[in-house]
Amino acid sequence: MSKVLPRNTVSLAGVLMHLLPAVALFALFAAVGILHVTSRVLVVDMGYRLSTAEGESRSLTREHDRLKLELATLKAPGRLERVAREQLGMAMPKGGAVVSVADERVKDARTAQARSSAPAVRVAERGTQR
């Protein structure tokens, strides 16, 4: 004998089959919402990181400019001369104390250039065309 269910009874499987599309649609919307919120959070986080990096870049640029100015100040000839005199006790040499010794190769090159008849630099004349 088989049991026959009356028409007015509702089975659990039937209810689940009717609710499945609605549950699937809800799950899809929930997943899209979670992905959207996650992406926005990541964008905001990256914006904060970018802002921090830009601030650090501006700070380092100011520090670089300050150090360049300090280097130029330290390299100033007047300052170097003052430090040499005051701190190191140096003085300018007397008249004939400085002897200039030229490198032989430089001397030979200058002599060869002076002997050649062609000028070292050619200057174009006005009105001439090539």
Side-chain angles (χ1 to χ4, degrees):
M1 255 201 243
S2 74
K3 254 183 167 178
V4 176
L5 292 175
R7 287 196 177 267
N8 293 341
T9 61
V10 178
S11 70
L12 183 59
V15 171
L16 290 178
M17 289 307 253
H18 285 301
L19 289 178
L20 185 63
V23 170
L25 189 60
F26 176 75
L28 179 66
F29 283 142
V32 168
I34 290 171
L35 286 174
H36 177 70
V37 168
T38 303
S39 69
R40 297 305 302 161
V41 166
L42 290 174
V43 166
V44 169
D45 181 54
M46 193 56 66
Y48 285 137
R49 287 183 187 183
L50 180 63
S51 176
T52 303
E54 286 175 344
E56 186 177 348
S57 174
R58 283 190 298 272
S59 173
L60 290 173
T61 300
R62 282 193 302 271
E63 179 72 10
H64 181 256
D65 292 343
R66 186 189 66 77
L67 289 172
K68 282 188 349 186
L69 179 63
E70 184 179 345
L71 179 64
T73 303
L74 292 173
K75 281 183 163 182
R79 181 197 168 278
L80 292 175
E81 184 177 352
R82 188 181 75 248
V83 167
R85 287 180 194 273
E86 294 173 4
Q87 294 178 4
L88 302 176
M90 299 175 129
M92 291 298 287
K94 304 292 181 215
V98 177
V99 177
S100 177
V101 179
D103 189 11
E104 291 299 321
R105 292 175 291 179
V106 173
K107 231 187 240 186
D108 292 342
R110 287 183 187 157
T111 306
Q113 184 178 3
R115 289 183 187 160
S116 69
S117 60
V121 177
R122 295 182 62 188
V123 179
E125 297 178 15
R126 291 188 181 191
T128 59
Q129 294 182 358
R130 290 187 164 230

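Quick caveat, the model's predicted, so the values are computed rather than measured.
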- [ ] Nearest 0.5 Å please: distance from the CD atom of Q87 over to the CZ atom of R82.
- [x] 8.0 Å
Open item on the list: I need the L50 CG to D45 CG distance, nearest 0.5 Å.
Closed with: 11.5 Å
- [ ] For T52 and Y48, indicate whether the former's side chain and the latter's backbone hold a donor-acceptor pair under 3.5 Å.
- [x] yes
Open item on the list: Using modelled atom types and a 3.5 Å cut-off, is there a donor and acceptor pairing between side-chain atoms of T38 and backbone atoms of I34?
Closed with: yes
Task: Validation row: M46, L42 side chains within 4.5 angstrom (heavy atoms) - done: no
Task: Listed partners of E70 passing side-chain contact (heavy atoms from CB on, under 4.5 Å), at least two apart - done: R66, L67, L74
TODO: Keeping the roles fixed (side chain from T61, backbone from S57), state whether a donor-acceptor pair exists under 3.5 Å.
DONE: yes
Open item on the list: Take a 6.0 Å sphere around CD of E63 and say whether it holds more than 12 heavy atoms from other residues, nucleotides or ligands.
Closed with: yes
Open item on the list: If you compare all heavy atoms of T73 against all heavy atoms of R79, which two are closest, and at what distance to 0.1 Å?
Closed with: O-CD, 3.4 Å
Open item on the list: Within this structure, what is the CE-CE distance for the pair M90 and M92, rounded to the nearest 0.5 Å?
Closed with: 11.0 Å
